[in-house]
Amino acid sequence: HVQLVESGGGSVQAGGSLRLSCAASGGIDSRSCMGWFRQNPGKEREAIAGMNLGSEESFYADSVKGRFIMSRDNAKNTVYLQMNSLKLEDTRMYYCAANRRCSLGERDWSRSSIWMYWGQGTQVTVS
């Protein structure tokens, strides 16, 4: 049973930084992939980053490329999302997603339908 727990959200001024964490348990390993999504109430969930954990090959949405960096700590079974140069429009609920066995590609990583496991989300507010 995969469990994902996000943390690190909060309030920050525009131009500032935050680092989100997602701790995974229940069969997530180097054969897995993980990703970050964000969403406002009533809006579609937006993919912002994805990673094949074994190779660390990463994918980013154009809206965050150059500002956000996804990384992982195998020892802690945790992925991070370092968010820099935050903008007002980055205010969203941020979700971590995972699949146990997967290999992400450029064409599919951003489709929310391929992700099986989701965390509860952590709120990021930029003002």
Side-chain angles (χ1 to χ4, degrees):
H1 178 60
V2 174
Q3 287 190 311
L4 304 174
V5 180
E6 302 102 331
S7 61
S11 297
V12 64
Q13 290 189 333
S17 299
L18 278 176
R19 190 178 78 157
L20 306 183
S21 301
C22 177
S25 61
I28 299 299
D29 57 30
S30 62
R31 294 167 292 180
S32 307
C33 55
M34 295 185 71
W36 288 97
F37 287 71
R38 63 186 185 183
Q39 186 177 27
N40 273 335
K43 302 291 186 181
E44 190 173 339
R45 193 165 288 190
E46 176 192 9
I48 54 175
M51 176 185 283
N52 291 313
L53 297 188
S55 66
E56 294 191 69
E57 181 183 20
S58 300
F59 306 89
Y60 295 95
D62 288 342
S63 57
V64 305
K65 200 171 290 184
R67 299 189 299 125
F68 292 10
I69 301 172
M70 185 174 179
S71 62
R72 66 176 174 85
D73 183 332
N74 284 342
K76 297 180 180 180
N77 225 23
T78 298
V79 295
Y80 304 95
L81 186 68
Q82 178 67 41
M83 305 187 296
N84 302 320
S85 303
L86 283 162
K87 305 175 181 180
L88 298 179
E89 53 263 40
D90 293 320
T91 295
R92 310 279 175 88
M93 183 72 80
Y94 284 70
Y95 297 90
C96 177
N99 284 344
R100 278 184 174 150
R101 302 291 176 263
C102 76
S103 179
L104 297 174
E106 188 66 51
R107 294 183 180 181
D108 62 6
W109 76 272
S110 59
R111 291 164 42 204
S112 59
S113 60
I114 73 163
W115 296 90
M116 293 185 63
Y117 303 101
W118 295 85
Q120 293 300 306
T122 185
Q123 177 68 36
V124 172
T125 302
V126 185
S127 61

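With hydrophobic clusters built from ILVMFWY side chains whose heavy atoms lie under 4.5 angstrom apart, Tyr94 shares a cluster with Val79.
The side-chain heavy atoms of Met34 and Leu53, taken from C-beta on, include a pair separated by under 4.5 Å. Side-chain contact check for Arg100 versus Met116: every heavy-atom pair is 4.5 Å or farther apart. In this structure, Leu81 and Val64 have side chains that are not in contact, with every pair of non-hydrogen atoms separated by 4.5 Å or more. Between Arg38 and Leu20 the shortest side-chain heavy-atom distance does not fall below 4.5 Å.
To the nearest 0.5 angstrom, Cys33 atom SG is 11.0 Å from Met51 atom CE. The CZ atom of Arg72 lies 14.0 Å from the SG atom of Cys22; values are rounded to the nearest 0.5 Å. Between the OG atom of Ser127 and the CG atom of Leu86 there is a distance of 10.5 Å, given to the nearest 0.5 Å. Interatomic distance, Trp109 CH2 to Ser58 OG, rounded to the nearest 0.5 Å: 10.0 Å. If you take CD1 on Ile48 and CZ on Phe59, they are separated by 15.0 Å, rounding to the nearest 0.5 Å.
With Asp73 contributing its side chain and Thr78 its backbone, the two residues share no donor-acceptor pair below 3.5 Å. Between the Ser21 side chain and the Arg19 main chain, no donor and acceptor come within less than 3.5 Å of each other. In this structure, the side chain of Thr125 does not engage the main chain of Thr91 through any donor-acceptor pair within 3.5 Å. Without hydrogens or angle criteria, Asn99 side chain to Ile114 main chain gives a donor-acceptor distance under 3.5 Å. For Glu6 (side chain) and Gln120 (main-chain N/O), a donor-acceptor pair under 3.5 Å exists by modelled atom type. The backbone N or O of Met70 sits less than 3.5 Å from a side-chain atom of Tyr60, completing a donor-acceptor pair.
Heavy atoms from other residues, nucleotides or ligands lying under 6.0 Å from NZ of Lys76 number 12 at most. Counted within 6.0 Å of CD on Gln13, heavy atoms from surrounding residues, nucleotides or ligands total 12 or fewer; the atom is thus considered open. Atom CZ of Arg107 has 12 or fewer neighbouring heavy atoms from other residues, nucleotides or ligands inside a 6.0 Å radius. Under a cut-off of 6.0 angstrom, the local environment of CD in Gln123 is crowded, with over 12 non-hydrogen atoms contributed by other residues, nucleotides or ligands.
Here the closest non-hydrogen pair linking Ala98 and Ile28 is CB-CD1, 3.9 Å. Nearest heavy-atom pair across Tyr95 and Gly119 is CD2-O, 3.6 Å. When all heavy atoms are compared, the tightest approach of Gly27 to Ser32 is O-OG, 3.7 Å. Considering every non-hydrogen atom in both Ser85 and Ser17, the closest pair reads N-OG, 4.3 Å. Across every non-hydrogen atom of Lys43 and Gln39, the tightest pair is O-NE2, 2.8 Å.
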Task: Intermediate values then yes/no, ring-ring contact (aromatic ring centres under 6.0 Å, His included), Trp36 and Phe68 - done: CA-CA 11 Å; Trp36 288 97; Phe68 292 10; 9.9 Å; no

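The pair Asp90-Lys87 does not meet the salt-bridge criterion, since no charged nitrogen lies less than 4.0 angstrom from a carboxylate oxygen.
No cation-pi contact links Arg45 to Trp115, judged by a cut-off of 6.0 Å to the six-membered ring centre and 45° from its axis.
Of the N and O atoms on the side chains of Ser63 and Glu46, at least one donor lies less than 3.5 Å from an acceptor on the other residue.
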